[in-house]
Undergrad: 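Got a structure for you, written out below as structure tokens; questions coming shortly.
Predicted model, so just to flag it, every value in this text is computed and none were measured. Residue numbers start from 1 in every chain, and the chains themselves are labelled A, B, ... in the order their sequence lines are given, proteins ahead of strands.
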Amino acid sequence: SAVISQKPSRDICQRGTSLTIQCQVDSQVTMMFWYRQQPGQSLTLIATANQGSEATYESGFVIDKFPISRPNLTFSTLTVSNMSPEDSSIYLCSVVGHPYGETQYFGPGTRLLVL
Amino acid sequence: RKEVEQDPGPFNVPEGATVAFNCTYSNSASQSFFWYRQDCRKEPKLLMSVYSSGNEDGRFTAQLNRASQYISLLIRDSKLSDSATYLCVVNLGTNAGKSTFGDGTTLTVKP
């Protein structure tokens, strides 16, 4: 199974600031995603992180607010920009595809609280 | 209508009970189906894949009905450790990328 780490594991931030979350996978992986899980809710896909090109964003999410980088097949970052209390959530990195097959694996998540 | 809909729950059952969760999906092109388990303050983890022929893993049985676009999960002889949120997950197929998650059904097993 995939071994995925995320940094930071949690943070408390002031509104108007930005936070960059890192995701590291133990193997080169085909697909990486970023999800958000707000309190008491299920997972919402933010975007697909594409290696060497711009991320593909889902409806309701834009690059200016959630810039994503994926410089190689094992690493990605998600930035939450100009944060507001509504951005308080858990942000999860996820991988699927070669070499892990169809099973989707998740990182431990980053708990963000915006004051 | 949501792409993946689950029983809203919560389910509160005594130890030893049998409990069933239901899930429906709207995209008939969906090819891969899963049940994930998410413990409180943890990330989701794969519980089992779901196949048309049905599959069983110990006390857990998953069924898929493609005609009705319906997935189920049956847990027999519930344990306290089964308490968690169970997520129904649907994907367009291997390497098709992103999955769609249901809102989850919360199970609490009580002594």
Undergrad: Look at atom CZ of B/Arg66 and say whether more than 12 heavy atoms of other residues, nucleotides or ligands are closer to it than 6.0 Å.
TA: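 Atom CZ in B/Arg66 is crowded, with more than 12 foreign heavy atoms closer than 6.0 Å.
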Undergrad: Please examine the side chains of A/Leu43 and B/Pro44, heavy atoms only from C-beta on, and report whether any two atoms are closer than 4.5 Å.
TA: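 Yes. Closest side-chain heavy atoms under 4.5 Å.
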Undergrad: Hey, is NZ on B/Lys45 packed in by over 12 heavy atoms from elsewhere, all under 6.0 Å?
TA: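 Check fails, neighbour count at 12 or below.
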Undergrad: When hydrophobic residues are tied together by side-chain contacts of less than 4.5 Å, even through go-betweens, does A/Met32 share a cluster with A/Phe66?
TA: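 No; A/Phe66 is not reachable from A/Met32 via cluster members.
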Undergrad: Going by distance alone, is a donor N or O of one side chain under 3.5 Å from an acceptor N or O of the other, for A/Gln37 and B/Glu43?
TA: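 No, B/Glu43 and A/Gln37 have no side-chain donor paired with an acceptor closer than 3.5 Å.
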Undergrad: Using a 3.5 Å distance criterion without hydrogens, assess whether the side chain of A/Ser42 forms a donor-acceptor pair with backbone atoms of B/Gly104.
TA: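 A pair under 3.5 Å: no.
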Undergrad: Rounded to the nearest 0.5 Å, how far does CG of B/Leu46 lie from OH of A/Tyr100?
TA: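 Between atom OH of A/Tyr100 and atom CG of B/Leu46 there are 14.5 Å.
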Undergrad: Just do the ring-ring contact (aromatic ring centres under 6.0 Å, His included) check on B/Phe101 and A/Phe33 with the steps written out, would you?
TA: CA-CA 13 Å; B/Phe101 287 75; A/Phe33 307 96; 9.8 Å; no
Undergrad: Do you reckon B/Phe11 sits in the same ILVMFWY cluster as B/Leu47, going by side-chain contacts under 4.5 Å, direct or chained?
TA: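 Yes; B/Leu47 is reachable from B/Phe11 via cluster members.
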Undergrad: Is B/Val50 reachable from B/Tyr86 through a run of I, L, V, M, F, W or Y residues, each pair having side-chain heavy atoms under 4.5 Å apart?
TA: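 Hydrophobic grouping puts B/Tyr86 with B/Val50.
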Undergrad: Heavy-atom distance under 4.5 Å between the side chains of A/Leu45 and B/Thr100, does that happen here?
TA: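 Side chain of A/Leu45 against side chain of B/Thr100, heavy atoms only: no contact under 4.5 Å found.
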Undergrad: So, does B/Tyr36 use its side chain to make a donor-acceptor pair with the main chain of A/Gln104 at under 3.5 Å?
TA: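 Indeed, once roles are kept as given, a pair shorter than 3.5 Å links the two residues.
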Undergrad: Got more than 12 heavy atoms from elsewhere within 6.0 Å of CD, B/Glu15?
TA: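 Correct, the count exceeds 12.
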